[in-house]
There are 2 protein chains.
Amino acid sequence: MSGTSGPSAFEERTRRCQRRLGEVGADAAVLFPSTNLFYASGFREEPGERHLLLFVPREGSPAFVAPEMYDEQIRDASWVEDIRLWADGEDPTELVAELADEMDLRGGHLLVDDTMWALFTQDLRETLPEATFGLASEVFEDLRMRKDETELDALRRAGALADRVSVEIRELGEEAVGMTETELAEEIEGLLAEAGGEEVAFGTIAGSGPNGAKPHHRHGDREIRRGDPVVLDFGAYLDGYPGDQTRTVVFAGDPPEGYQQVHETVREAQQAAVEAVEPGVPAEQIDRAAREVIEDAGYGDEFVHRTGHGVGLDVHESPYIVEGNQTELEPGMVFSVEPGVYLEGEFGVRIEDLVVVTDEGCERLNDSPRTWESL
Amino acid sequence: MSGTSGPSAFEERTRRCQRRLGEVGADAAVLFPSTNLFYASGFREEPGERHLLLFVPREGSPAFVAPEMYDEQIRDASWVEDIRLWADGEDPTELVAELADEMDLRGGHLLVDDTMWALFTQDLRETLPEATFGLASEVFEDLRMRKDETELDALRRAGALADRVSVEIRELGEEAVGMTETELAEEIEGLLAEAGGEEVAFGTIAGSGPNGAKPHHRHGDREIRRGDPVVLDFGAYLDGYPGDQTRTVVFAGDPPEGYQQVHETVREAQQAAVEAVEPGVPAEQIDRAAREVIEDAGYGDEFVHRTGHGVGLDVHESPYIVEGNQTELEPGMVFSVEPGVYLEGEFGVRIEDLVVVTDEGCERLNDSPRTWESL
């Protein structure tokens with residue numbers, strides 16, 4: 001998974017991070033297993049209960065504090081050469097204190113990873129009682145929001161992969177009737193793996209009938225019936241970058257009353273939002289473009305979430321497409337456009353594509369049919 | 001996944017949590033999407049960037065602060081009735097401040113979830129500048145360490161499932177030669193799903209040859225050769241509780257020089273550790289029992305990790321089987337016993353079973369063959 005850029009690309013990112021630390025008046029970023037850690041070091045791991053920290057000082061060389069058993073893995077994956085190891089049974093905070101002395105951070109302002117566990121932030125506060133703390137997103141958000149060509153290439157391929165599976169799954173037609181949501185989700189995940197996906201980017205959503213009205217319902221043992229609207233939201237990673245696409249379909253039979261109108265409304269809202277994307281426009285403007293269409297159709301109260309979220313190494317990252325976010329769109333930003341209408345106890349409809357902002361507007365990273373009828 | 005206990009079981013757990021809050025002198029626990037949140041409320045979700053918090057005061061009723069779109073899901077899954085909703089675009093910290101006033105927590109001592117993201121702990125500190133903070137494990141660790149019968153039943157079945165797949169995968173024999181580690185891992189994950197596993201409990205490990213010497217290497221594109229030792233470490237969830245089992249095998253051909261002796265040493269170490277388990281014994285004693293065997297055989301420096309970790313709703317939780325942990329074992333505690341020897345550049349050997357402490361000793365939750373030869 002570290003194959004997206006050579007070591008020197010990771011090092012270059014760290015140098016940019018260090019320049020930003022200076023600009024925002026911070027003395028160091030302290031990362032733990034996260035996408036920021038991967039972005040800067042090339043080393044990827046899941047969060048865990050052992051101290052595994054990367055200190056990136058404003059100047060000079062970064063250093064890991066890591067469990068002994070990660071030694072070889074970090075050396076293989078990362079350009080960072082300074083690795084301070086501790087063994088199970090030893091106290092890692094001694095290494096943290098030593099490093100803080102060497103880097104002169106005891107009274108410094110430290111930006112901790114936004115997803116760092118309280119277990120470690122509490123511990124850093126106790127080990128370095130004079131230090132003050134902020135969030136690493138202050139430095140990383142800006143850097144990561146603008147994707148480079150390697151990143152865009154991976155995102156395009158992850159989008160095409162989700163598109164392909166979307167078409168394949170819709171071709172089930174009548175065959176999907178009688179399957180449980182969970183069986184359908186497993187079918188989707190199998191197709192994603194067969195098509196070359198690394199792992200699913202998030203819990204696959206197959207929400208049928210009234211379950212589709214719960215935006216974050218994943219899947220359960222409800223059987224899909226004829227005429228059920230089914231919300232299908234899924235994607236897989238390629239080279240560490242995720243796909244994320246939603247279609248709402250009816251596999252067989254006639255949909256419930258009112259469904260066609262709601263689907264058409266959501267589709268128009270999605271189209272209007274995509275058309276509103278261009279450099280210089282504030283992110284909230286894209287949310288408004290979608291919301292206006294849905295409000296005009298009388299479903300404003302049933303569009304219960306923001307219009308989208310940025311996508312990169314994290315499936316949810318900046319820029320968030322939400323009222324109040326005045327971040328101006330720039331070429332290279334990638335985010336989802338996914339309005340929805342949720343009628344409690346009846347059904348839900350959501351349509352989602354990823355887009356990348358271009359010099360003149362945007363490019364969709366998904367382009368499978370946005371219709372609801374069986375393919 | 002909420003089917004492991006009825007709502008009243010979750011409520012009873014919360015009442016125990018509240019009694020413990022009183023005992024440790026804390027005013028509330030503040031949870032976010034985590035296994036503690038599920039344990040207390042019955043509602044399960046992955047961590048995310050939106051404020052989704054459960055306040056459990058020392059006395060009185062707990063309350064959620066949650067994104068509007070989770071309303072129905074929380075009501076379906078949890079016995080907690082007080083749900084304060086915020087919509088995308090609104091400021092959730094206003095709800096947090098209101099709730100803190102109602103619960104009289106502004107100057108209180110709050111125990112935050114150990115895995116709570118810095119994004120939220122920083123925010124709580126800003127919203128409640130007079131409050132002091134500790135970790136929720138102070139309350140939950142003790143409660144969760146002792147498993148009840150429902151939990152043990154799920155863990156036993158998850159163990160049997162991993163055992164079955166372990167046997168099936170070893171029956172590949174010659175067929176495994178030429179497969180990549182990733183293909184083998186996919187095969188394992190397919191078998192786990194077929195056998196009824198919910199999702200994998202952690203990234204499946206299939207570390208062949210020198211990759212087996214990196215304890216946390218998962219799998220890559222290295223092809224399995226005749227004579228390769230392969231470390232296979234995997235498990236799946238059943239009713240929300242994980243399996244976790246390791247065997248080190250040679251699918252075909254003769255293993256490298258020294259392998260048989262290392263395997264025998266690890267197997268003896270694992271046996272010695274399992275035999276050391278009984279109520280009243282400190283956790284570190286189990287680590288010592290394994291380490292002694294490995295040190296006596298001359299591989300002490302190559303056993304680079306602790307002997308095990310507790311297993312429950314989290315795959316890694318208390319009690320940790322590590323030097324320095326003087327927690328006395330009690331009936332109902334469940335943990336892994338997994339010594340290993342790692343020869344850099346050559347191969348690794350690890351053998352792991354889960355055990356539950358009984359009145360007289362322990363019961364293994366895994367019992368597939370611990371041999372290395374093809375089955």
Side-chain angles (χ1 to χ4, degrees), chain A residues 32 45-50 67-73 76 87-91 112-122 125 133-137 182 186 189-190 193 198-199 202-203 213-217 284 287 304-307 309 314 316-317 320 322-325 340 342 344-345, chain B residues 32 45-50 67-73 76 87-91 112-122 125 133-137 182 186 189-190 193 198-199 202-203 213-217 284 287 304-307 309 314 316-317 320 322-325 340 342 344-345:
Chain A
F32 100 129
E45 184 49 282
E46 297 298 308
E49 74 284 1
R50 288 183 177 97
E68 189 177 24
M69 62 173 173
Y70 281 101
D71 186 20
E72 200 181 341
Q73 262 169 282
D76 284 355
D88 281 350
E90 291 175 3
D91 179 6
V112 299
D113 229 327
D114 291 52
T115 58
M116 187 182 285
W117 290 1
L119 185 62
F120 303 111
T121 52
Q122 285 285 110
R125 283 173 186 274
F133 294 89
L135 295 173
S137 51
T182 299
E186 282 169 2
E189 294 181 2
E198 278 152 10
E199 55 185 321
F202 51 91
K214 306 175 204 174
H216 276 221
H217 169 85
E284 65 179 357
D287 183 75
V304 295
H305 57 70
R306 64 195 175 200
T307 292
H309 53 84
D314 284 312
H316 287 187
E317 60 176 47
Y320 292 99
V322 63
E323 183 64 34
N325 185 2
Y342 306 93
E344 197 180 322
Chain B
F32 100 129
E45 183 50 281
E46 297 298 309
E49 74 284 1
R50 289 183 177 96
E68 189 176 24
M69 63 173 173
Y70 281 101
D71 186 20
E72 201 181 342
Q73 263 168 282
D76 285 353
D88 281 349
E90 290 174 6
D91 180 6
V112 298
D113 230 326
D114 291 51
T115 58
M116 187 183 285
W117 290 1
L119 185 62
F120 302 111
T121 51
Q122 285 285 110
R125 283 173 186 273
F133 295 88
L135 294 174
S137 51
T182 298
E186 282 169 2
E189 294 181 2
E198 279 153 9
E199 56 185 320
F202 52 90
K214 306 176 204 173
H216 276 223
H217 169 85
E284 64 179 358
D287 183 74
V304 295
H305 56 71
R306 64 195 175 201
T307 292
H309 53 84
D314 284 312
H316 287 187
E317 59 178 47
Y320 291 99
V322 64
E323 181 64 35
N325 185 3
Y342 306 93
E344 197 180 322

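Labels below follow one simple rule: chain letters A, B, ... track the order of the sequence lines, proteins then strands, and each chain is numbered from 1.
- Taking chain B as the reference chain and counting heavy-atom pairs below 4.5 Å, the highest number among A:Leu135, A:Val112, A:Asp287 is found for A:Leu135.
- With a threshold of 4.5 angstrom between heavy atoms, A:Asp113 approaches chain B through N, CA, C or O but not through any side-chain atom.
- Ranked by heavy-atom pairs under 4.5 Å with chain B, the list A:Ala118, A:Gly89, A:Ala87 is led by A:Ala118.
- Taking OG1 from A:Thr121 and CG from B:Leu119, the interatomic distance works out to 11.5 Å, rounded to the nearest 0.5 Å.
- With hydrogens and angles ignored, the 3.5 Å screen pairs a side-chain donor or acceptor of B:Gln122 with a backbone N or O of A:Phe133.
- Residues passing the side chain to side chain contact (heavy atoms under 4.5 Å, CB included) test with B:His309 are B:Asp244, B:Arg306, B:Val311, B:Val315, B:His316, B:Tyr320, B:Ser336, B:Glu338, B:Glu352, sequence neighbours excluded.
- Residue with the most contacts toward chain B among A:Gln73, A:Glu284, A:His216, A:Met69: A:His216 (heavy-atom pairs, distance under 4.5 Å).
- Note: A:Lys214 NZ to B:Glu72 CD = 5.0 Å, rounded to the nearest 0.5 Å.
- Of the atoms belonging to A:Glu45, it is side-chain heavy atoms, and not backbone ones, that fall under 4.5 Å from chain B.
- Ranked by heavy-atom pairs shorter than 4.5 Å toward chain A, the options B:Pro67, B:Gly203, B:Pro215 are led by B:Pro215.
- Looking only at side-chain heavy atoms (C-beta outward), B:Arg125 and A:Arg125 come within less than 4.5 Å of each other.
- Remark: A:Glu186 engages no residue in a side-chain hydrogen bond (donor to acceptor under 3.5 Å, both in side chains) (not counting sequence neighbours).
- Ranked by heavy-atom pairs under 4.5 Å with chain B, the list A:Thr115, A:Thr182, A:Val322 is led by A:Thr115.
- Minimum heavy-atom separation, A:Glu68 to B:Val304: OE1-O, 4.1 Å.
- When heavy atoms are compared at a cutoff of 4.5 Å, B:Phe202 does not approach chain A at all.
- Taking the side chain as every heavy atom from C-beta outward, A:Glu344 and B:Asp71 never approach each other to under 4.5 Å.
- Contacts between A:Tyr70 and chain B at a heavy-atom distance below 4.5 Å involve the side chain alone, from C-beta outward.
- Counting heavy atoms from C-beta on, the side chains of B:Asp314 and A:Glu49 never come closer than 4.5 Å.
- For the set A:Glu46, A:Glu317, A:Met116, A:Glu323, the count of heavy-atom pairs under 4.5 angstrom toward chain B peaks at A:Met116.
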